[in-house]
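We name chains A, B, ... by the order of the sequence lines, and we start the count at 1 in each one. Side chains included, hydrogens not; waters and symmetry mates left out as well; all remaining heavy atoms used.
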2 protein chains.
Amino acid sequence: MRKDIHNSNIPVRCMSCEVRHKGICGALSADELQALSAHTRLVNHEAGDELAGEKMPAESYATVIRGVVKLTKTLEDGRQQIVGLQFAPDLLGRLNADENAVSVEAASDLNLCRIPKVALERMVKSNPALAERLMTQTLRELDEARDWMVTLGRKTAAEKVASFLLLIATHLDPEATGDRRQFDLPLSRADIADFLGLTIETVSRQMSKLKAEGMIGIVANRHINVPKLSKLKAFCGS
Amino acid sequence: MRKDIHNSNIPVRCMSCEVRHKGICGALSADELQALSAHTRLVNHEAGDELAGEKMPAESYATVIRGVVKLTKTLEDGRQQIVGLQFAPDLLGRLNADENAVSVEAASDLNLCRIPKVALERMVKSNPALAERLMTQTLRELDEARDWMVTLGRKTAAEKVASFLLLIATHLDPEATGDRRQFDLPLSRADIADFLGLTIETVSRQMSKLKAEGMIGIVANRHINVPKLSKLKAFCGS
DNA sequence: CGTAGCTTTGAGAAAAATCAAAAAGGGTGG
DNA sequence: CCACCCTTTTTGATTTTTCTCAAAGCTACG
């Protein structure tokens with residue numbers, strides 16, 4: 001399952017964050033950003049890489065520059081559930097935790113900006129604006145988790161798949177406008193099933209059904225287009 | 001559905017918090033506690049009272065002194081999902097939010113310590129220890145939400161009901177020790193179903209099945225005993 | 001071109017939902 | 001304290017949804 005890892009461990013300024021003024025860097029002064037840059041590393045991972053294991057010691061933080069990260073939990077007998085997806089410019093890692101509550105995996109090829117545990121924690125202590133920004137991200141994650149609980153607990157298989165497609169469509173390119181969307185799924189059918197609490201077969205059947213109903217087009221396995229996002233949204237139940 | 005509300009709006013020191021040094025009050029100095037006490041009110045609610053509506057303006061915070069609070073989300077067509085339960089000494093209310101993301105209801109009879117929105121937010125700004133404590137609670141809620149996503153997405157009906165009973169057994173009296181437990185369910189079968197993403201009938205059947213297998217005893221409708229908590233835990237899958 | 005890994009499709013089985021009705025509690029007023 | 005009513009819970013029969021098992025079709029890649 002796990003492929004070779006090719007990291008480019010070159011120290012860099014986190015230009016991506018700085019320029020776009022997103023993520024945690026937006027809460028930093030020029031001086032702080034400069035100081036932080038000394039500790040950060042741009043690293044790359046390929047789809048399938050495991051970045052951190054459930055119940056393993058937490059070693060560092062990282063912000064997502066490009067790609068999608070999946071957070072999973074696994075039952076004793078191997079049943080798996082994806083409990084969150086992280087997109088740029090989210091911060092990976094749980095503040096002040098010694099141990100990971102979830103397993104962290106690259107869903108797609110990734111660029112991350114890695115930050116040592118102590119460096120970030122020191123900076124959070126001295127910068128209330130940064131602490132507040134982390135609180136905001138945590139609250140957003142909590143909202144997303146609760147929204148997904150409704151999907152898992154109360155939606156039909158068809159609504160679950162539609163909700164997933166809507167989530168991806170709106171998160172992959174948040175700036176996109178208009179009612180028509182086109183994108184590549186960052187997750188395999190198996191991952192989608194683990195996200196939705198379904199089997200691969202049910203996911204596949206519901207995708208075919210949505211296609212037959214004209215709700216979506218399946219250009220290639222992973223390449224989807226949505227002619228009317230508003231129609232898809234209405235179908236999701238909320 | 002909504003019953004009459006009988007509130008005793010008498011200003012008090014939040015002795016319950018102070019004495020037990022739990023919840024947010026544990027992060028406050030004597031002076032701060034004194035100052036906060038001037039703004040707080042002990043209020044009572046009965047089971048079924050709606051404390052705050054989904055998408056309604058957020059008006060105040062409150063800590064749970066006694067009882068259980070349920071957080072729910074509802075789809076357009078009325079399907080409902082409980083997305084969280086709060087026990088003493090949790091803080092109700094989302095920091096800095098103008099609008100509720102969830103509906104807040106008294107699951108059982110309640111005693112709350114109510115805190116005005118501005119009073120708490122001012123105190124959080126000037127007290128990093130309090131901010132950190134709120135961050136800790138939020139992270140715990142996120143963990144709980146993600147754990148529950150696994151239950152909703154990947155467990156069988158029997159495992160879901162067992163997981164719910166385990167949750168209640170361990171949360172109602174966190175100090176209890178030993179492998180035998182006895183408690184009153186703070187939720188009706190309908191609420192349990194909404195928490196587990198099941199129907200009332202399925203919950204009832206699985207409870208009967210757990211009883212038949214000797215996993216639990218049903219003394220009265222709401223009164224449950226668990227002869228071996230470890231056995232129940234093992235049955236939950238994780 | 002062949003192979004390995006995904007994905008789709010099909011048929012039958014299992015789990016949970018739905019519809020229906022009986023039983024059990026709980027509170028109220030007599 | 002009891003009889004009654006209303007609500008909640010349990011149980012039963014049937015239907016629907018989703019899963020499981022099986023096989024075929026696709027894709028990508030060496």
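Checked against dA17(C), dT7(C), dG10(C), the side chain of Glu201(A) finds its nearest nucleotide in dG10(C).
Close to dA15(C), at under 4.0 Å from its OP1 or OP2, lies no side-chain N or O of Thr202(B).
Taking the six-membered ring where tryptophan is involved, the planes of Phe195(A) and Phe164(A) are perpendicular, since the angle between them exceeds 60° and thus also 30°.
A donor-acceptor contact closer than 3.5 angstrom is absent between the side chains of Arg189(A) and Ser204(A). Donor-acceptor pairing under 3.5 Å is recorded for the side chains of Lys155(A) and Ser163(A).
Taking every heavy atom of both residues into account, Cys236(B) and Leu166(B) meet most closely at SG-CD2, 4.0 Å.
The span of DNA chain D lying next to chain A, judged by atoms under 4.0 Å from heavy atoms, is bounded 5' to 3' by dT18(D) to dC21(D).
Counting only heavy atoms from C-beta outward, the side chains of Met149(A) and Leu152(A) never approach each other to under 4.5 Å. Using a 4.5 Å cut-off on side-chain heavy atoms (C-beta onward), Leu92(B) and Val69(B) make contact.
Atom C1' of nucleotide dA17(C) and atom CG of Asp77(B) are separated by 15 Å, given to the nearest angstrom. Distance Asn221(B) CG to dA23(C) P: 16 Å, rounded to the nearest Å.
A donor-acceptor contact under 3.5 angstrom links the side-chain atoms of Arg205(A) to the base of dG10(C).
In the helix from dC1(C)-dG30(D) to dG30(C)-dC1(D), the rotation axis of the first five pairs and that of the last five pairs differ in direction by 40°, rounded to 10 degrees.
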